[in-house]
Protein chains: 2
Amino acid sequence: MSSANPKQALFAQFAAVAKALAHEHRLELIEHLAQGERSVERVAELSHVSVANASQHLQRLRRAGLVASRRDGKHVLYRLADDAVVTLLAALRSIAERSLGEVEKVVSGYFRRRDELEPVSRADLVRRLKDGSVTLLDVRPEDEFGLGHLPDAINIPFRELEKRLAELPKRREIVAYCRGPYCVLSFEAVAALRQRGFKARRLEDGLPEWRAAGLPVIAPAPGRG
Amino acid sequence: MSSANPKQALFAQFAAVAKALAHEHRLELIEHLAQGERSVERVAELSHVSVANASQHLQRLRRAGLVASRRDGKHVLYRLADDAVVTLLAALRSIAERSLGEVEKVVSGYFRRRDELEPVSRADLVRRLKDGSVTLLDVRPEDEFGLGHLPDAINIPFRELEKRLAELPKRREIVAYCRGPYCVLSFEAVAALRQRGFKARRLEDGLPEWRAAGLPVIAPAPGRG
DNA sequence: ATATCGTTCAAACGAATAATTGAACGATCT
DNA sequence: AGATCGTTCAATTATTCGTTTGAACGATAT
């Protein structure tokens, strides 16, 4: 009987955050911002929406406290306000995966034979990096690598992978990672590497999850900040 | 370049779950269902909405895979589809607390002097229960206790607390819990008990969080199921 | 200053969502 | 069968949300 009014206010605030997440474009914007700071124009382009539209969605996210922004010359750079946002997205994903059969289908259909590729967990990777028994490969585009990457990772964007196979060890196991659980780059990379006779596996997570877990990330050189 | 279409579908599914959460009434309905199975009429009453309205909200939640329902005679009983829903709500709460200043104010204002009451963590409680050094007190209404409660807990609804102080130990520490982090019952109970000279603290979480963590819960007698 | 470029604002329209009402449905009891 | 009670459905209205358009703003660069 006690908590009528303030409780309402509380739920209203929680709902405000949920509302901010409740649009596919905004979720995609967040995923891109999870890779690092981005200008409005850039995320608009990555998400295939108009600049004006992206701008409004980003402002909505900012009002909800999910992202923050700063000005850098002509550009306004947006970023996640908090790594906990990645955790929230992971929880959302977990529910969607568990309860919605369709997602399962999409995942297992498009991200083919997911299990066959035996993903490596974060904890495993940490161990293997310590004893030096793996080579860590970041297959994202060069600019995203520049915005932050895992320690000891080498960067060969997926598109250049075939040309640059010589840079990779033939015997040692290779662990590839990219943006996150639903980014296809590392799937494709592992498949390609295996076909060429390399020993390759995927990291289960991407950079944002790694960072959200509090593990060290090589930050960008503080150039234009 | 690779993941245009299926990615969209994925984000659309995630957004569907977020949309289901994006209404304060639905969040409140979920909180009540987190206590255990409830009829439409009952959650409508608890949430102060009309039955028809609650029914529609509940169906929306069901479509999103967040809750499930079954028929029991005249009644339709709803429950959470998955304990992971509690985890998702916790993530939502954590973001809202961190990023929205207003929630902080509400919390520290209404749930007064939260820190002074030194909440007990789940892990702590498990340890203390093992060595038998605490009495565990459930201050929720009797019917909610009946729908599920922590092992070894005794039930004294908050409204009866003053009348039934004799049932509580004077020396041993008492740990009180209720519905969850934003339920006031345990705050009030601890304050009241301390004023009477009892040694009392709050459990940090409520029943739903306990259950979601995979810890054992005394289930209701399978009477009308 | 003027031009240019990235971002935001304001207005407008169509689409989706929420709450209310009263009727319909389903199960139980007499 | 008929009555009753809890739940759902269908239709309505008010409100909110999403996208587009074109203008306005702010920070360079010439």
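A note on names: the letters A, B, ... follow the listed sequences, proteins ahead of strands, and every chain is numbered from 1. Below, all heavy atoms of this structure are taken into account, side chains as well, without hydrogens, waters or symmetry copies.
Here chain A contacts DNA chain D (any atom closer than 4.0 Å to a heavy atom, that is under 4.0 Å), and the contacts span dC17(D) to dT28(D) from 5' to 3'.
As judged by a 4.0 angstrom heavy-atom cut-off over every strand, Gln59(A) is placed among residues touching the sugar-phosphate backbone only. Using a 4.0 Å heavy-atom distance criterion, Arg42(B) is classed as making no nucleic acid contact.
Between Val67(A) and Leu58(A) the shortest heavy-atom distance is CG2-O, 3.8 Å.
Residues Gln56(A) and Arg62(B) each lie close to DNA chain D; by heavy-atom proximity, the contact nearer the 5' end of the strand is made by Arg62(B). The 5' end of DNA chain D is approached more closely, in terms of each residue's nearest nucleotide, by Val49(A) than by the other of Val49(A) and Gly73(A). The 5' end of DNA chain C is approached more closely, in terms of each residue's nearest nucleotide, by Lys74(A) than by the other of Ser55(A) and Lys74(A).
Proximity of a side-chain donor or acceptor of Gln59(A) to a complementary backbone N or O of Ser55(A) within less than 3.5 Å is detected.
Rounding to the nearest 0.5 Å places CZ of Arg62(A) at 4.0 Å from OG of Ser69(A).
Among Arg122(B), Arg179(B), Arg93(B), the single residue meeting the salt bridge (Lys or Arg N to Asp or Glu O under 4.0 Å) criterion with Glu209(B) is Arg93(B).
Here dT17(C) presents its P atom at 12 Å from NZ of Lys19(A), a figure rounded to the nearest Å.
Here the side chains of Ile30(A) and Leu21(A) are in contact, with some heavy-atom distance below 4.5 Å.
Side-chain atoms of Tyr177(B) and Asp138(B) form a donor-acceptor pair, as typed in the model, at a separation below 3.5 Å.
Dashed line: the shortest gap from a side-chain N or O of His57(B) to OP1 or OP2 of dA19(C) is under 4.0 Å. Here His23(B) reaches the OP1 or OP2 of dA19(C): one of its side-chain N or O atoms lies under 4.0 Å away.
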